[in-house]
Protein chains: 2
Amino acid sequence: MTGTERPALPVSRVLPAYQQVADQLRSLILSGELRAGDRLPSETELVTQFGVSRSTVREALRALTSRDLVHTRRGVTGGTFVSAVDARQVSAYLETSLGLMSGRDGLGVHDMLEAREILEVPSARLAAERRSEAHLEGLRQALRREVATEGRQGRFVEHRTFHQIVVDAAQNPLLSMMTEPLFRVLEAQFLRPEGIEGYYARVDEEHTAIFAAVEQGDADAAASLMATHLRWLREVYEV
Amino acid sequence: MTGTERPALPVSRVLPAYQQVADQLRSLILSGELRAGDRLPSETELVTQFGVSRSTVREALRALTSRDLVHTRRGVTGGTFVSAVDARQVSAYLETSLGLMSGRDGLGVHDMLEAREILEVPSARLAAERRSEAHLEGLRQALRREVATEGRQGRFVEHRTFHQIVVDAAQNPLLSMMTEPLFRVLEAQFLRPEGIEGYYARVDEEHTAIFAAVEQGDADAAASLMATHLRWLREVYEV
DNA sequence: TGACCCCAGATGTCAGACCTTTTACGGTCA
DNA sequence: TGACCGTAAAAGGTCTGACATCTGGGGTCA
């Protein structure tokens, strides 16, 4: 054992220049000094301001771009602009992350179905209280398509749509943001109920009942029907 | 009005080369062809494989790096390696995203407190059923520190710790992943209950009661106490 | 045997040139 | 006057080639 002990989790003391540039720009955005829509200095200006080469600046900007913090436009009125974070980006990120984590890190179908139930039952309750006419119309159409669609994959998409609209009707963007990736990952990776007798008929039936409760504004019924529905789905898929 | 209509949301048809390279590598990772720990070809090899310059390759890798899909190491045994996505990274991403969205996009304190209640009440129930001795010890220490700590900021950190451990004790990584950023954003941006008479005493009291229920494995009590606690907090902060 | 040095291979950084996209400007012509 | 068009300018996108720096391993030598 030499004089300098090697740590269990080594960190390099000197961060790469592109990392430092990215960090500084990022903290300007997070602190609110740069706000959505603001234009960052041009790459050439950043070169002189940071005293690094253009490649370094560009690598820093690329890192920020892929985090959806900024975006670039070409042309004379172009440049790098601070992005407005929006729910869709967050959902997309979560979808890929959950997809990669599923099966490892102790993240299994069970966890996803459990989280789904935790989120979706209260969402159904809120949906019954807050749904707009647009949501109701969306649910009606989803139900119609669900019954009409042929083929396994197509039905699944419609099922997801129905559940998603219910959550959206709760009018809390956080709930939509968290459930949407769950639905997609479950759909993409796990749900394969080909063998279950009467599966589609029961889904249609329960969706219809949930819709009725939401439409009538019956919060308790909506929550309870959704709870029953999801608990049955868990039984089906958690074998 | 000329012949070619300008779309409201213009998209460039031709994606930049670095974007295409990043997309291809990303889909290799998402499809599972490249798995956590695998080494990507060296930058020089990627140059020949994709037929683009090294700067382009590096910009693509930087984009993947900042999405936590890969990481790089220098030196002769270095290279670019596929990362194992972990919950902490996702939480960190969510924290910055929620922080940037809060106040805009219709994401307000109300939504965060509501989502928190939706997630945390069932978490308390599960915690009472699943908590390990380590969790209980963590809660004991958090409670002790909470009572002993002086100063507003310090108490808030301890409050957050207590709530976080309760959620962790539910043993569903998705719940921890979603609540942690919520706690931090709320703490950083909103919670300022300086004026409330007897605030700290009541928090301590209710935390103690929740702990007792979790310790005794009384799921119903844990859920109900947490619900009361959070509903009171909502009243305090939603003025 | 252990301390040291040096080499190889990978990422990190730089400089400078040129390409492509996009808008603004100004001139031409009906 | 107004529609059209061409060109300049500014910004990001790409390429090339060189050098710097880090890191592990293997060889050398006391």
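Naming: A, B, ... by sequence-line order, numbering from 1 per chain. As the structure is a prediction and not an experimental result, all values here were calculated from the model. As a basis for the values below, the full set of heavy atoms in this structure was taken, side chains included, without hydrogen atoms, waters or symmetry mates.
Across all strands shown, A/T56 has heavy atoms under 4.0 Å from sugar-phosphate atoms exclusively, and none from any base.
Here the nucleotide nearest the side chain of B/P16, chosen from D/dG13, C/dA15, C/dT11, is D/dG13.
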Please walk me through it: do B/S176 and B/D168 pass side-chain hydrogen bond (donor to acceptor under 3.5 Å, both in side chains)?
CA-CA 6 Å; B/S176 303; B/D168 292 343; 2.7 Å; yes
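Summarising the local packing, CZ of B/R39 is surrounded by more than 12 heavy atoms from other residues, nucleotides or ligands at distances under 6.0 Å.
Overall, the helix from C/dT1-D/dA30 to C/dA30-D/dT1 carries an axis bend of 10° between its ends, with five pairs at each end and the value rounded to 10°.
Under the side chain to side chain donor-acceptor pair (under 3.5 Å) criterion, A/S42 pairs with A/E45, not counting sequence neighbours. In this view, B/R54 and B/E43 satisfy the salt bridge (Lys or Arg N to Asp or Glu O under 4.0 Å) rule, not counting sequence neighbours.
Inspection of the A/S66 and B/S66 side chains reveals an N or O donor paired with an N or O acceptor under 3.5 Å.
Salt bridge status for B/D38 with B/R35: absent, with no side-chain N to carboxylate O gap under 4.0 Å. Taking a cutoff of 4.0 Å between a charged side-chain nitrogen and a carboxylate oxygen, B/R130 and A/E114 qualify as a salt bridge. Taking a cutoff of 4.0 Å between a charged side-chain nitrogen and a carboxylate oxygen, B/E137 and B/R140 qualify as a salt bridge.
Because its NZ or CZ atom is both nearer than 6.0 Å to the ring centre of A/Y18 and within 45° of the ring axis, B/R62 counts as a cation-pi partner of that residue. Geometrically, A/R73 engages A/F81 in a cation-pi contact defined by less than 6.0 Å to the ring centre and at most 45° from the axis.
With rounding to the nearest 0.5 angstrom, the CD atom of B/Q24 is 11.0 Å from the CG atom of B/L46. Taking CG from A/D68 and OG1 from B/T96, the interatomic distance works out to 10.0 Å, rounded to the nearest 0.5 Å.
Going from atom OH of A/Y18 over to atom P of C/dT11 covers 11 Å, rounded to whole Å.
Of the residues in residues 70-82 of chain B, those with a non-hydrogen atom less than 4.0 angstrom from any atom of DNA chain D are B/R74, B/G75, B/V76, B/T77. Against DNA chain C, the stretch residues 33-46 of chain B makes heavy-atom approaches under 4.0 Å through B/R39, B/S42, B/E43. Within a heavy-atom distance below 4.0 Å of DNA chain D, the residues of residues 58-66 of chain A found are A/R58, A/R62.
Using the six-membered ring where Trp is involved, B/H207 and B/H163 have ring planes that are perpendicular, over 60° apart on the 30 and 60° scheme.
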